[in-house]
Amino acid sequence: PGMAPGLPGMNTAPKTPTPLPVINPDFQCSPRYLKATTGVFPRSKSLIPSLPLSCVVNPVAQPLGAGDEVPEVNFGACGVIRCKSCRTYINPFVKFVENGRRWRCNNCTHVNDVPNAYYCTLDSAGVRNDIAERPELQKGQVEISAPAEYMVRPPQAPVFVFVIDVSHAAVTSGMLQVTVDSIKASLDNLPGSPRTQVAFITYDSTIHYYNLKQTLRAPQMIAVPDIEDVYVPLPDDLLVNLYESRDLVDMLLDSLPDLFANNNEVECALGAAVSGAFQIMQHIGGKMLVFQMALPGVGVGALAARDAPKAARADKAKTLFQPAESKGGKFFSDLALVMSKQQTSCNLFVFARQYADLATIGVLAEKTSGEIFYYPSFDARVHGEQFASDLKHDLVRQSGFEAVMRIRCSAGFKVSKFYGNFLIRGQDLLLLPSVNSDTTLSVDIEHDVAGKEGADSNILYIQSALLYTTQNGERRIRVNTIACPVGSHTSQIVDSVDVDTLCNVLAKHAVYKARHIGVTAAREAVRTQCEAIIRESAAGPAPTGGPRYGQQPQANTRKVARSLKLLPLYSMALQKTPLLCGTQVPTDLRVYLMHRMNIMAVSSSRVFIYPRMYALHNMAPDVGLAAPSNQHGEGNAHIKMPVLTNLTNENIQSDGVFLLENGMHILMWVGRAVAPQTLLDLFGVERIDDIDASLLRIQTSAELGVRVNNIITAMRDRRSLFLRIIIVKEGDQME
């Protein structure tokens, strides 16, 4: 009282925060589908301006098991229930009024009429009497059957077009053999059987199409040497029903390695091959899988190497992280846009021994909701198992097609930026020609002063809605909804921060910065933002005003919030990853890691940023075996894992064996002084000094080898990418 405007203490946050609204946790969407960086959002950005307000969305994540399935909803004759004003789908947070005849939207507060077919009376608490029969009013994640008005055309059969490099390097490296073997092993499990359609193209400096029409006795190859003005011979016969032409498909796959065994052609016309494949499938759309061995050097879309050592070290290095501005670069960018609009996604498997310009050819995946898989200097003896597993997983995982997605916030907030692989139509409609159980994207959310009128200012509602066609040909809407309290005190926001989700978002922000202002600036931005978050979020109000005349300044005695204690460690770890580190990293590898981070789920980024390490040489006898039902176990076999070891030099011992996982690989470090019996149990030999580490394999003839193998299998069960084991001996150059 009596304090004049502008004097110290005027804007100090209240010491006792206003209680937050209580939200029924049963109504919330599972964090596996939709997760925010903080459970409580700030009422004003000024409360903690450096904290990213973001969400990571995995809209069709794989259920954990029986009983975890997403409930299905069919509204029948009354049609899909949505807000007439903001188009939000009905969810557990709406309010029914006027004895159930109308409902108030939780996002915009608009009051909607309830269709007669959906009407039900309310009990004394204002809850519908049929709530137990309405999963859409009980669960934050539901799958809604979409009626005809949600279809531009009838659902199409799943289409897979395989575009395979058969140049000399593809044959001699073993890539071609592993590719055809993996495809053949996956054919019985391709989504959509018996409606699935397939086509095959091989290419070097010539494009080879294959007629697999069921009336033929053997596959028919048509070679097209024109790689500038691409055309498709027999356009009506190249895309066939897999069930009807299965024998011909098997014959083709069996014959390809022998057919090109003596191929000496080193060039590859990637642009022409992809263009031809798209012409085959553009009337339906679907999924294109491209297997590429080198930088495309001939035909339409030909590229020149731009990764000169001087360029990679110069300030202009950031241009190497974006598509080339050449004629070839423009070709791939333009083709990717057209493919996305025609519901065609592209997955790239790249095996290059030298620079392949992933930043340019990668737009085929990034703009079409596809993925890049990268195996530098591919050798089937080293990378074969990893590639085969990745390809099989990509082919048989739960998938959907022809998807569009929109994320809505309640009034007072808005989505401001998107991260992931998609094409944006308009301001916020995401086009995803293909989606799967691993599809992940992220969004930034900011305050929207213009949208506050009429809103519930104490709760922020976020809803993602994905309209897609299932692999069985059904049109569905996957709806995920969460509610977050809005707080007025810094401590409320800070105490609810999820540091793993926060670091996932910080890494994606860093990728964006690295591509536009360079890796050095991106790395520095991570450091400064971490410092700012810690400074702004320290518990307790900051000292206000300056020292009085003649007094010393008071020290800031505020403590770091418990939820953020690991943030400095994780931010430093992020800066040291190959994604952002200052040491020289091959450009294609850095681009690949940027791509992966942009679509990485929180469960994977957690260990990519700060890997987990286990000591294997001193495990308890029951570690590596199936855990009792009342104990934590990992993987499909519920394996008991070793105790985690901190990532410090002091914990690394020359007489030890350590396993380190970063979500993309498993590193096994073997010390110089490891006991011969341990080496014998693990590798079948008592000495490894003179053995190439890449030739070592874990043996399962001894108990220790079996247990370690179980641990590795359990780690792999958690990841979408196959975790290849890289064995490193103490003192090796790789170390």
Side-chain angles (χ1 to χ4, degrees), residues 17-43 53 55-59 61 63-64 67-73 75 81-83 86 88-100 102-112 114 118 120-144 407-413 445 454-465 477-489 492-493 495-498 501 563:
T18 303
L20 297 171
V22 177
I23 298 173
N24 188 339
D26 295 335
F27 288 176
Q28 299 278 31
C29 167
S30 166
R32 290 189 302 110
Y33 303 105
L34 178 60
K35 188 171 182 62
T37 51
T38 177
V40 178
F41 275 64
R43 192 171 302 278
L53 306 178
C55 286
V56 180
V57 187
N58 185 351
L64 293 177
D68 189 49
E69 297 85 359
V70 176
E72 298 181 6
V73 176
F75 288 108
I81 309 296
R82 304 178 66 180
C83 176
C86 69
T88 293
Y89 291 86
I90 198 167
N91 61 80
F93 303 106
V94 305
K95 300 294 183 184
F96 285 88
V97 296
E98 299 180 19
N99 197 31
R102 307 185 80 190
W103 63 275
R104 179 178 291 109
C105 175
N106 56 296
N107 265 10
C108 71
T109 71
H110 179 76
V111 179
N112 301 267
V114 173
Y118 194 71
C120 181
T121 56
L122 308 182
D123 63 16
S124 58
V127 178
R128 286 174 59 113
N129 287 305
D130 66 346
I131 185 92
E133 304 166 12
R134 296 292 183 184
E136 70 275 13
L137 302 179
Q138 301 179 75
K139 298 291 184 180
Q141 63 270 354
V142 293
E143 182 111 320
I144 302 173
I407 298 174
R408 297 177 173 88
C409 296
S410 54
F413 292 85
I445 295 172
D456 180 355
S457 60
N458 294 317
I459 300 178
L460 163 64
Y461 300 98
I462 305 171
Q463 183 181 88
S464 71
I477 308 166
R478 175 65 65 91
V479 179
N480 300 314
T481 310
I482 61 172
C484 301
V486 176
S488 300
H489 198 280
Q492 295 174 320
I493 290 85
D495 290 344
S496 69
V497 167
D498 184 278
T501 307
S563 62

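Worth knowing before you read on, the calculation uses all heavy atoms, side chains too, and leaves out hydrogens, waters and symmetry mates.
Side-chain atoms of Q463 never come within 3.5 Å of backbone atoms of V479 as a donor-acceptor pair (strictly under, hydrogens ignored). Panel note: side chain D130, backbone R128; no donor-acceptor pair is recorded below 3.5 Å. Side chain of R408 to backbone of C86: a donor-acceptor contact under 3.5 angstrom is found. At least one donor-acceptor pair closer than 3.5 Å links the side chain of Q28 to the backbone N or O of A483.
Classified by interplanar angle (parallel below 30°, tilted 30° to 60°, perpendicular above 60°), the ring pair Y461/F93 is tilted.
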Quick one, R82 with F75, criterion side-chain contact (heavy atoms from CB on, under 4.5 Å). Give me CA distance, side-chain angles, the key distance, then yes/no. CA-CA 11 Å; R82 304 178 66 180; F75 288 108; over 6 Å; no
Stepwise side-chain contact (heavy atoms from CB on, under 4.5 Å) check, I462 with C55: CA-CA 9 Å; I462 305 171; C55 286; 3.5 Å; yes
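Side chain to side chain, N91 and T481 fail the donor-acceptor criterion of an N or O pair below 3.5 Å. Side chains of S496 and T38: a donor-acceptor N/O pair is present below 3.5 angstrom, by distance only.
In this structure, C409 and L460 have side chains that are in contact, with non-hydrogen atoms separated by less than 4.5 Å. R32 places none of its side-chain heavy atoms less than 4.5 Å from the side chain of N58. T88 has its side chain out of reach of C108: every pair of non-hydrogen atoms, C-beta onward, lies at least 4.5 Å apart. At least one side-chain heavy atom of N480 sits less than 4.5 Å from a side-chain heavy atom of P59.
Annotation: the span from E136 atom CD to Q141 atom CD amounts to 13.0 Å, rounded to 0.5 Å. S30 OG to I482 CD1: the interatomic distance, rounded to the nearest 0.5 Å, is 11.0 Å. To the nearest 0.5 angstrom, F41 atom CZ is 14.0 Å from Q492 atom CD. Here SG of C484 is found 11.0 Å from CG of L20. Values are rounded to the nearest 0.5 Å. Distance check: C83 SG to N112 CG gives 4.5 Å after rounding to the nearest 0.5 Å.
P31 is linked by a side chain to side chain contact (heavy atoms under 4.5 Å, CB included) to K35, counting only residues two or more places apart in sequence or in another chain. Here D123 pairs with A125, V127, N129 under the side chain to side chain contact (heavy atoms under 4.5 Å, CB included) rule; sequence neighbours left out. Checked against ring-ring contact (aromatic ring centres under 6.0 Å, His included), Y33 has no partners two or more places apart in sequence or in another chain.
Nearest heavy-atom pair, A132 versus Q138, reported as atom, atom and distance to 0.1 Å: O-NE2, 3.4 Å. The nearest pair of heavy atoms linking P92 to F27 is CB-CG, 3.5 Å. Nearest heavy-atom pair across E143 and V70 is N-CG1, 3.7 Å. Across every non-hydrogen atom of V73 and P135, the tightest pair is CG2-CG, 3.8 Å.
The side-chain contact (heavy atoms from CB on, under 4.5 Å) with N106 is formed by just one residue from the set V94, I459, I90; it is V94.
The number of heavy atoms from other shown groups lying within 6.0 Å of CZ (R104) does not exceed 12.
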